Amino acid sequence: MDQSKPTLFKNRAFVFLFFASLLAIVGFSMFFMTTTWFVISDLGSAGSLGIILIAITVPRILMMAFGGVIADKFKKTTIMFSTSSIQGILIVAVFLLSNADQLTFTYLLIIGLFSER
């Protein structure tokens, strides 16, 4: 008796969520690594790196604490789309500022505060 087991990869919504989450993780990892590299190589300050890493981490901790409440009040797909869109816009801003040689500690600090989900 061969009973075929249902697979999650036949669920279209799951497949989209899976690949979107995978790309988001890769994107954030690249943002984190390149921000660290930029601060060390261009700003040359370990203290600045610590402050920027705190600015990246604190919003993540706050969202872990309050994210469930927000997710209960709003549609989850809207939250995910909004946060991913904001992260994308901020990463484009980092690229444009870096390309124009205008990326400074202050800009990285502000972008770091708003780049977390």
Side-chain angles (χ1 to χ4, degrees):
M1 204 168 10
D2 185 31
Q3 293 178 338
S4 61
K5 295 180 182 177
T7 176
L8 282 175
F9 287 101
K10 290 183 180 180
N11 184 336
R12 185 175 179 211
F14 174 78
V15 171
F16 284 142
L17 177 65
F18 178 77
F19 285 113
S21 298
L22 186 67
L23 290 174
I25 290 169
V26 170
F28 175 71
S29 298
M30 288 173 57
F31 170 74
F32 194 72
M33 181 183 69
T34 55
T35 301
T36 302
W37 170 78
F38 178 79
V39 171
I40 294 294
S41 67
D42 285 8
L43 300 180
S45 172
S48 296
L49 177 63
I51 293 169
I52 289 174
L53 292 178
I54 289 170
I56 292 172
T57 305
V58 168
R60 175 170 264 203
I61 292 169
L62 292 174
M63 287 311 295
M64 284 181 186
F66 301 109
V69 175
I70 293 170
D72 288 340
K73 293 185 179 198
F74 298 101
K75 191 175 176 185
K76 282 117 182 109
T77 54
T78 304
I79 294 170
M80 291 173 60
F81 180 77
S82 300
T83 57
S84 293
S85 297
I86 292 168
Q87 273 188 325
I89 291 167
L90 290 173
I91 289 173
V92 169
V94 168
F95 169 74
L96 293 174
L97 287 168
S98 177
N99 205 27
D101 288 331
Q102 298 295 317
L103 191 58
T104 63
F105 172 76
T106 306
Y107 286 137
L108 277 175
L109 190 64
I110 292 168
I111 289 170
L113 282 169
F114 292 104
S115 68
E116 277 301 310
R117 292 183 186 213

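Please read all numbers here as calculations on a predicted model, not as lab measurements.
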**Request:** Following the transitive rule for hydrophobic clusters with a side-chain heavy-atom cut-off under 4.5 Å over Ile, Leu, Val, Met, Phe, Trp and Tyr, establish whether I110 and L53 coincide in one cluster.
**Result:** yes
Extract all donor-acceptor atom pairs below 3.5 Å that involve side chains of residues 64-80 and protein atoms in other chains or at least two apart in sequence.
{"from": "K76", "atom 1": "NZ", "to": "A71", "atom 2": "O", "distance (Å)": "2.9"}

**Item:** Least distance between heavy atoms, I56 atom then P59 atom
**Value:** O-CD, 3.7 Å
**Prompt:** Does L49 belong to the same Ile/Leu/Val/Met/Phe/Trp/Tyr cluster as Y107, with side-chain heavy atoms less than 4.5 Å apart forming each link?
**Reply:** yes
**Asked** Do L96 and F114 belong to the same hydrophobic cluster, where Ile, Leu, Val, Met, Phe, Trp and Tyr are linked whenever their side-chain heavy atoms lie under 4.5 Å apart, directly or via other members?
**Response** no
**Item:** side chain to side chain contact (heavy atoms under 4.5 Å, CB included) evaluation trace for I51 with F105
**Value:** CA-CA 10 Å; I51 293 169; F105 172 76; 3.7 Å; yes
**Request:** Kindly indicate whether the side chain of V94, heavy atoms from C-beta on, has any atom under 4.5 Å from the side chain of L90.
**Result:** no
**Request:** Could you state whether L113 and I86 fall into the same hydrophobic cluster, counting links through intermediate Ile, Leu, Val, Met, Phe, Trp or Tyr residues with side-chain heavy atoms under 4.5 angstrom apart?
**Result:** yes
**Item:** side chain to side chain contact (heavy atoms under 4.5 Å, CB included) evaluation trace for D42 with L103
**Value:** CA-CA 10 Å; D42 285 8; L103 191 58; over 6 Å; no
**Request:** Working to the nearest 0.5 Å, report the span between OG1 of T36 and CG of L108.
**Result:** 10.0 Å
**Asked** In this structure, are over 12 heavy atoms from other groups packed under 6.0 Å from F14 atom CZ?
**Response** yes
**Asked** Same hydrophobic cluster for L109 and F95, using side-chain heavy-atom links shorter than 4.5 Å among ILVMFWY?
**Response** no
**Spacing of I89 atom CD1 and Q87 atom CD [to the nearest 0.5 Å]** = 11.0 Å
